[in-house]
Each structure stands twice: as structure tokens, then as C-alpha cells.
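Structure first, then comments.
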Number of protein chains: 2
Amino acid sequence: MDAELGTRDRIVKAATVLFQNKGYHATGLNEILRKSNAPKGSLYYYFPDGKEQLALEAINQTKIFIEKTIRERLELIQDPAESIKNSIEEMADNLNAGEDEKLSFRSNKKVSINLIAMETATSSETLRKACDSAFNTWQNVYAQKLIDGGFERKRAENLSLIIQTMIEGAIIMSLTKKVINL
Amino acid sequence: MDAELGTRDRIVKAATVLFQNKGYHATGLNEILRKSNAPKGSLYYYFPDGKEQLALEAINQTKIFIEKTIRERLELIQDPAESIKNSIEEMADNLNAGEDEKLSFRSNKKVSINLIAMETATSSETLRKACDSAFNTWQNVYAQKLIDGGFERKRAENLSLIIQTMIEGAIIMSLTKKVINL
DNA sequence: GTCTATAGTACGATAGAC
DNA sequence: GTCTATCGTACTATAGAC
């Protein structure tokens, strides 16, 4: 998989998908290395602090990627309510789309950092903060769109928190009800 | 802890708290046994199918307990919107309250099956179904309250799904932002 | 920088005495 | 029914050759 990418990028990409789908504790480093065709030595060469450092990188890359995705979607429509609705529908469509690549056992779909956030909230302050930062970043994109559309600042912040909360809740419910299939 | 309870109940109680707080994969059977003062032999005597069977029991007990709690709260106020709002505030207060008991490292607070649901949605069909059933049960309590209050059935079902979704989303956000401290 | 071999620990699960 | 000892496996992490 991803022969064009360097070793480091392959490891991070595989880790991102596995952590998001299976969870932080259910994913072994060996599994990540198998999926990314990298040797264990390379992992500890690029991430001397091991699993936690790798997860931190995965979370931060996801934060940036999703922020960019939301931002691009919101630019397409001027009205804030319409554009946000459109952006969420786009996310949902991506999750319902077919697999990107053939894999031995599991898709490459990226859902959210939702599961990682829950798992690490009480066990790793480093990872909890990274997840919090990601949620805040995404929320701010919605808030700014609402402000640009004429909403008062405080109101925009409240609404964007509700939007972010509902999206994360919807992911849990969809996965549990198997509306989304990973 | 819980010297008055039988061995089986002590194991289930400890497992319920640990699975909800740390997660299914992060919680070891040894940890559950330490916390419940039970020997490993007893665990496999009561739960011959091991960890998954124990988690199933924990989910089902949580389903019943939370259903009862919501139902009791909703009976206190007649107006559906007011009573549901009140019930949610009650849940939030419980999470912000002090610890029930002194523990070596972690509280006994029960949050939701939220984390277990995410972890097992793609790895154990048995546990996924149990979580789905729990969410549906709780949702139905809200829906019935709305119907009794005069809402049309379809509208009540839609609203209750949104309520359930927002509660689960709010738990994620609160844990990640450390508004709740477990 | 890349890779293999392996240390050291914890896991889930089982066997069998009592 | 209760308990301990232990098996086999998987984990994170490290050492050291190349």
C-alpha cells in the first residue's frame, strides 16, 4: 500500500486508519507495521517515544486534514446554514461511499478522532489535549462561517459547539446502528 | 469493595465501571479481578465465555439501570420538554458530583456505554447489538414521553433520536474538554 | 536509515487441586 | 464453587548488525 509514500508517511497513514477504526488500545504496533510494510526499527527511528507519539501525529494530521475539508466545503455556499448542512451531508456521503482500496480485513475510511478521544481522555493528557485541540479547531471553522454570515459572536460559538457535538454523537449512533459500515 | 455483594455481582460491577471509563480493550481481566477481590477461577466459572460475555452482562445491566433512571426522572414532570431537560440536567449533575467511594486510582462513575459501543462496533457483533439495543431502549423512553405529551409518533421518534444522539455527543465533548472528571 | 531478533511484560484463557 | 498455577500468545520496546 502506498508504495509512493516514504516509510514515515506510510506508518502514520496506516496508524491513523487503524486507531480511528479499531481504537488506540486495540491496535498493535505490529499491525500498523504489517499494514504499512515497515519494519519495527523504522517506527522507533521516526517515533522514539513509541505508540503515544505516533498517535499524537495521527491526531494532528487528522485535525489539519478535516479542518481543510470543512473549510473548502463551507466556501462553496454563502449562506452559513445551507453551507454547514451541505458540508455535513458531504461527510456522510464519504462514509457511505465504497472502499478506497482493497485491504485484507478492514477499510481505509477515516471517521473521526471520536474513539481515540474517548479512550485517551482519562489515560493520556497529551492525547486528550490533542483531541480537544482538533475539536476546537473544527468548531472554530463553523463559528467563523456563522459570524461571517451575520451571527453574533457568542451565538455563533454556542451554535458551533452544538454542531460539533451533534456530529460526534451522530458518528457513534451511526456506527452502533451499522448505518455506516467501516 | 462491596463486601455485601456476591462474587458474581462484584465482578460485574467492577467490570462495568472499568469498561465504561477505560474502555473494553484497555481493561484487563486481572484489573477487574483485583478491583472486585475475586479470583480468576470465579470469573470463568460465572462467565465461561470470558471477557466478551462479561462485557455483555455489563452492557445489559447498564441498559436496565439507565432506563429505570430516565423513566423515574421523566415521571416527575408532566410536560415532556421540561421533564426531558430536567432528566438530562440530573445526569450531568451526577457526573459532576464527588466520588462515591475511595478507590486506588479511579472513580466508580458510570458515564455511558458510549466508549464500549465505539470500540466494539466493528469488532464484536454481539456487543454491538447489545449497545444498539441499549440506545434504542433509552430512546424509546424519551419517545414515549413525547407521545404521551401529545407529539405525533413519527415526530416523537425523530426527536428522541436527536436527544439520544446529542447526549452521547455531549459526553464525548465533555470528557475531552475535561468538563467531566472521572 | 533500515532491518531482525528478542527482551520483558501483560494479556486472555485453562487445568486441576481443594 | 473457590482458588492458584501456568500455558500460549501478543504486546511495547530495545539492542545491535548492516
Side-chain angles (χ1 to χ4, degrees), chain A residues 1-19 21-59 104-106 115-116 119-120 123-127, chain B residues 1-16 18-19 21-59 104-106 115-116 119-120 122-127:
Chain A
M1 137 184 190
D2 302 316
E4 73 280 4
L5 292 175
T7 305
R8 202 193 117 105
D9 287 339
R10 288 206 315 280
I11 293 173
V12 174
K13 186 171 179 182
T16 302
V17 171
L18 286 169
F19 285 154
N21 285 294
K22 297 185 58 170
Y24 180 74
H25 291 103
T27 301
L29 296 183
N30 295 322
E31 196 175 0
I32 294 171
L33 295 170
R34 213 180 308 129
K35 190 180 164 99
S36 59
N37 282 314
K40 187 160 284 193
S42 295
L43 194 155
Y44 281 94
Y45 172 76
Y46 290 113
F47 303 97
D49 290 339
K51 194 179 189 181
E52 190 177 39
Q53 191 186 357
L54 177 55
L56 183 61
E57 178 78 9
I59 293 166
S104 49
F105 66 112
R106 190 173 279 276
L115 171 53
I116 307 173
E119 278 187 286
T120 61
S123 66
S124 162
E125 192 60 9
T126 303
L127 298 183
Chain B
M1 136 185 192
D2 303 317
E4 73 281 3
L5 293 176
T7 305
R8 201 193 118 105
D9 288 338
R10 287 205 316 278
I11 292 172
V12 174
K13 186 169 180 183
T16 302
L18 287 169
F19 285 154
N21 285 295
K22 296 186 58 170
Y24 180 74
H25 291 103
T27 301
L29 296 183
N30 295 322
E31 196 176 359
I32 294 171
L33 296 170
R34 214 179 308 126
K35 191 180 163 92
S36 58
N37 282 314
K40 188 161 279 193
S42 295
L43 194 155
Y44 280 94
Y45 172 77
Y46 290 112
F47 303 98
D49 290 340
K51 195 180 189 182
E52 190 178 38
Q53 191 186 356
L54 177 55
L56 183 60
E57 178 78 8
I59 293 166
S104 48
F105 65 111
R106 189 172 278 277
L115 171 53
I116 307 173
E119 279 188 286
T120 61
T122 56
S123 66
S124 163
E125 193 61 6
T126 303
L127 297 183

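This one's a predicted model, so the numbers in the text were calculated from it and none came from an experiment. Chain identifiers are assigned alphabetically (A, B, ...) following the order of the sequence lines, protein sequences preceding nucleic acid strands; residue numbering begins at 1 within each chain.
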Item to complete: Output all residues satisfying side-chain contact (heavy atoms from CB on, under 4.5 Å) with B/D9, sequence neighbours left out; order by chain, then residue number.
Response: B/L5
Worksheet item: Hey, are the side chains of A/S36 and A/K13 touching, using non-hydrogen atoms and a 4.5 Å cut-off?
Response: no
Item to complete: Figure out the NZ/C1' separation between A/K22 and D/dA10, and round it to whole Å.
Response: 12 Å
Item to complete: Please state how far atom CG in A/L54 lies from atom C1' in D/dC11, giving the value in whole angstrom units.
Response: 15 Å
Worksheet item: Can you name the closest pair of heavy atoms from B/Y44 and B/G50 and give their distance?
Response: CE2-CA, 3.6 Å
Worksheet item: Is there a side-chain contact between B/V12 and B/F47 (heavy atoms, below 4.5 Å)?
Response: yes
Fill in: Under 4.0 Å protein heavy-atom contacts per nucleotide of nucleotides 3-16 of chain C, with B for base, S for backbone only and - for none
BB------SBBB--
Item to complete: Quick one: label A/Y46 by what it contacts on the DNA or RNA (base, sugar-phosphate, nothing), any heavy atom closer than 4.0 Å.
Response: sugar-phosphate
Worksheet entry | Gap between atoms OH and C1', on A/Y45 and D/dA13 respectively (whole Å) | 18 Å
Worksheet item: Under a 4.5 Å cut-off applied to non-hydrogen side-chain atoms, are B/T120 and B/I59 in contact?
Response: no
Discussion item. Enumerate the salt bridge (Lys or Arg N to Asp or Glu O under 4.0 Å) contacts for residues 46-57 of chain A, please, sequence neighbours excluded, ordered by first and then second residue.
Written reply: A/R8-A/E57
Worksheet item: With a 4.5 Å limit on heavy-atom distance, are the side chains of B/E31 and B/K22 in contact?
Response: yes
Discussion item. Please report the end-to-end axis angle for the helix from C/dG1-D/dC18 to C/dC18-D/dG1, five pairs per end, rounded to 10 degrees.
Written reply: 10°
Worksheet entry | Donor-acceptor contact present, side-chain A/E119 to main-chain B/G23, <3.5 Å | no
